[in-house]
Amino acid sequence: MTARTALIVNARSRRGASVFKAAKVAIADGGVEVHGAVLTRSPQSFQSHLQTWKDDGVETVFVGGGDGTQAAAAEVLIGSAVRLGVLPLGTGNALARDLGIPDDIRKAVSLLLEGSEAQIDLGLANGKVFVNVATLGLTASIVRHLNGQAKKRFGKLAYLPAAFRSVLTMRPFEAHVRTEVGEFHGPAVQMVVGCGVNHAGPFPISRHASQLSGKLSSYVVPYDGKAGLVRYAWDLLRRRHVASHDIWFAEAARIEVETRPKRTVVIDGELRHKSPLEARVVPAALWVLKPAAES
């Protein structure tokens, strides 16, 4: 790769500070000159550097962080010709998983430098760009119960006690979901809207979820008592929820969600605002690097 290349890493991500130098060295080892390299804790500085590089004609930006960091990068790069190289430094890393990018940073950089490029869909949730999912219900409860230090120390294992507490304390809400292909009305405990393949790391959103379909994949978990919530959690862990007849699925370009009472919307792992939620897909909105397909 001879394109002008830059690197920016979120120092607040789980492994950000520890791998910044390794990523920089790996890019240089790939024969690529680094136009700029920044380790930052400031969201404003993060997006300012990306905007400057985009304006200066940088063609590829490696971004180190979790899904929230990648979404912040996509917000700047959406619709441009700049290619995003995802370096997974978060906990879930759903976008990296969708693209087939490994957690090992040196290996990830090597595979991306030798790989290909593609245009993937993005989502807009109440005008906010997301690269993975917008959710409400059980997910928001889990995020609230997460301990930041435990998340940094234990990674995915930190989700287990948070999920357990959330299942025990979860209260249903009335959901009204409208799409061009169908509607859902009734009590629910979880709503997921995604523009990718997986959510919460390894769990597929639906059988048909894709980054290239020009549609959002969504599902609603109806409320059927605590037993139904436990059944959903068990099926999710085994990735069998996509075959459940108890769950409402839809593949649509636009999704509108109203709840009673209002529920917090989580966008790419970050608590954002209250419902209602209006989500739509932006097809082929972001250029990304991805490892070459295995022959």
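For the numbers below, each heavy atom of this structure counts, side chains included, while hydrogens, waters and symmetry mates do not.
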Any side-chain to backbone donor/acceptor pair from Asn126 onto Glu278? Under 3.5 Å, distance only. yes

Mind running side-chain contact (heavy atoms from CB on, under 4.5 Å) on Tyr223 and Leu229 for me, showing each step along the way? CA-CA 7 Å; Tyr223 181 66; Leu229 186 55; 5.7 Å; no

Among residues at least two apart in sequence or on other chains, which ones pass ring pair (Phe, Tyr, Trp, His ring centres under 6.0 Å) with Phe249? Tyr219

Contact check, side chains of Val193 and Thr135, non-hydrogen atoms, under 4.5 Å: no

Assess, by modelled atom type and distance only, whether the side chains of Glu59 and Thr5 contain a donor and an acceptor separated by less than 3.5 Å. no

pair Leu112-Phe62: side-chain heavy atoms closer than 4.5 Å: yes

Please test Ser218 against Met191 for side-chain contact (heavy atoms from CB on, under 4.5 Å), starting from the C-alpha separation and ending with a verdict. CA-CA 7 Å; Ser218 65; Met191 172 83 200; 4.0 Å; yes

Give a yes or no answer on whether the side chain of Gln119 reaches the backbone of Ala285 with a donor-acceptor pair at less than 3.5 Å. no

Check salt bridge (Lys or Arg N to Asp or Glu O under 4.0 Å) between Arg106 and all other residues, then give those that pass, not counting sequence neighbours. Asp29

Using the rule that Ile, Leu, Val, Met, Phe, Trp and Tyr join whenever any side-chain heavy atoms are under 4.5 Å apart, tell me whether Ile255 and Phe173 fall into a single cluster. yes

Mark yes or no for whether Lys290, through its side chain, and Ala118, through its backbone, hold a donor-acceptor pair below 3.5 Å. no

What are the two closest heavy atoms between Val86 and Ala96, and how far apart are they? CG1-CB, 4.0 Å

For Thr259 and Pro261 the tightest heavy-atom approach is OG1-O, 2.8 Å

For Leu111 and Ile101, run side-chain contact (heavy atoms from CB on, under 4.5 Å): C-alpha distance rounded to whole Å, both residues' side-chain angles, the deciding distance at 0.1 Å, then the answer. CA-CA 8 Å; Leu111 288 173; Ile101 300 170; over 6 Å; no

Residue set satisfying ring pair (Phe, Tyr, Trp, His ring centres under 6.0 Å) with Phe46, at least two apart, ordered chain then number -> none

Under a 3.5 Å distance rule, please check whether Arg12 uses its side chain to pair with a backbone N or O of Arg41 as donor and acceptor. yes

Nearest heavy atoms of Ser217 and Glu251, plus distance in Å: OG-OE1, 2.5 Å

Less than 4.5 Å apart, side chain to side chain, heavy atoms only: is that true for Gln211 and Asp121? no

Separation between SG of Cys195 and CG of Asp268, rounded to the nearest 0.5 Å: 7.0 Å

Go through Glu117 and Arg83 one step at a time and tell me if the salt bridge (Lys or Arg N to Asp or Glu O under 4.0 Å) criterion holds. CA-CA 8 Å; Glu117 57 188 45; Arg83 295 169 295 200; 2.8 Å; yes

Atom CG of Leu138 and atom CZ of Arg171: how far apart are they, to the nearest 0.5 Å? 13.0 Å

Can you measure from CG (Leu136) to CZ (Arg263) and round to the nearest 0.5 angstrom? 8.5 Å

Here the salt bridge (Lys or Arg N to Asp or Glu O under 4.0 Å) pairs for residues 123-133, sequence neighbours left out, are Glu75-Lys128

What distance separates Ile8 CD1 from Leu87 CG, expressed to the nearest 0.5 Å? 11.5 Å

Would Val197 end up clustered with Leu286 when hydrophobic side chains under 4.5 Å apart are linked, directly or stepwise? no

Give a yes or no on whether Lys24 atom NZ has more than 12 heavy-atom contacts from other residues, nucleotides or ligands under 6.0 Å away. no

Leu236 and Val242: same hydrophobic cluster, using ILVMFWY side-chain contacts below 4.5 Å? no

Are any non-hydrogen side-chain atoms of Val177 and Val220 less than 4.5 angstrom apart? yes

Same cluster for Trp287 and Val58 if Ile/Leu/Val/Met/Phe/Trp/Tyr side chains link at under 4.5 Å? no

Restricting to side chain to side chain donor-acceptor pair (under 3.5 Å), what partner residues turn up for His176, sequence neighbours left out? His185

Applying side chain to side chain donor-acceptor pair (under 3.5 Å), can you list everything that pairs with Gln44, at least two apart in sequence or on another chain? Ser42

Side-chain donor or acceptor of Asn132 paired with backbone N/O of Asn198 under 3.5 Å: yes

One should read off an interatomic distance between Ser110 OG and Ile27 CD1, to the nearest 0.5 angstrom, of 11.5 Å

Can you list the steps and then say if Val82 with Val61 is a side-chain contact (heavy atoms from CB on, under 4.5 Å)? CA-CA 7 Å; Val82 181; Val61 178; 3.9 Å; yes

Carefully, step by step, assess Arg178 and Glu183 under the rule salt bridge (Lys or Arg N to Asp or Glu O under 4.0 Å). CA-CA 5 Å; Arg178 294 179 294 274; Glu183 299 185 358; 5.4 Å; no

Minimal non-hydrogen separation, Gly196 against Asp98, with atom names: CA-OD2, 3.5 Å

Do you see a donor-acceptor pair shorter than 3.5 Å between the side chains of Asp67 and Asn93? no

For Leu50 and Ala73 the tightest heavy-atom approach is CD1-CA, 3.5 Å

Is there side-chain contact between Ile247 and Tyr232, with heavy atoms separated by less than 4.5 Å? yes

Does a donor on one side chain sit under 3.5 Å from an acceptor on the other, for Lys262 and Ser275? no

So, taking the atom named NE2 in His49 and the one named CG in Leu7, what distance separates them when rounded to the nearest 0.5 Å? 11.5 Å

Close side-chain approach of Thr40 and Asn10, heavy atoms under 4.5 Å: no

Exceeds 12 heavy-atom contacts within 6.0 angstrom, atom CZ of Arg207: no

Worked check of salt bridge (Lys or Arg N to Asp or Glu O under 4.0 Å) between Asp246 and Arg231: CA-CA 10 Å; Asp246 298 327; Arg231 185 166 59 250; 3.7 Å; yes

Run the numbers on Thr264 and Lys274 for side-chain hydrogen bond (donor to acceptor under 3.5 Å, both in side chains), then give the verdict. CA-CA 4 Å; Thr264 301; Lys274 297 288 186 178; 3.1 Å; yes

Examine Leu95 and Leu212 and state if one hydrophobic cluster contains both, with Ile, Leu, Val, Met, Phe, Trp and Tyr joined whenever side-chain heavy atoms are less than 4.5 Å apart. yes

Nearest heavy-atom pair of Phe130 and Leu124: which atoms, and what distance? CE2-N, 3.5 Å

pair Lys107-Ile105: side-chain heavy atoms closer than 4.5 Å: no

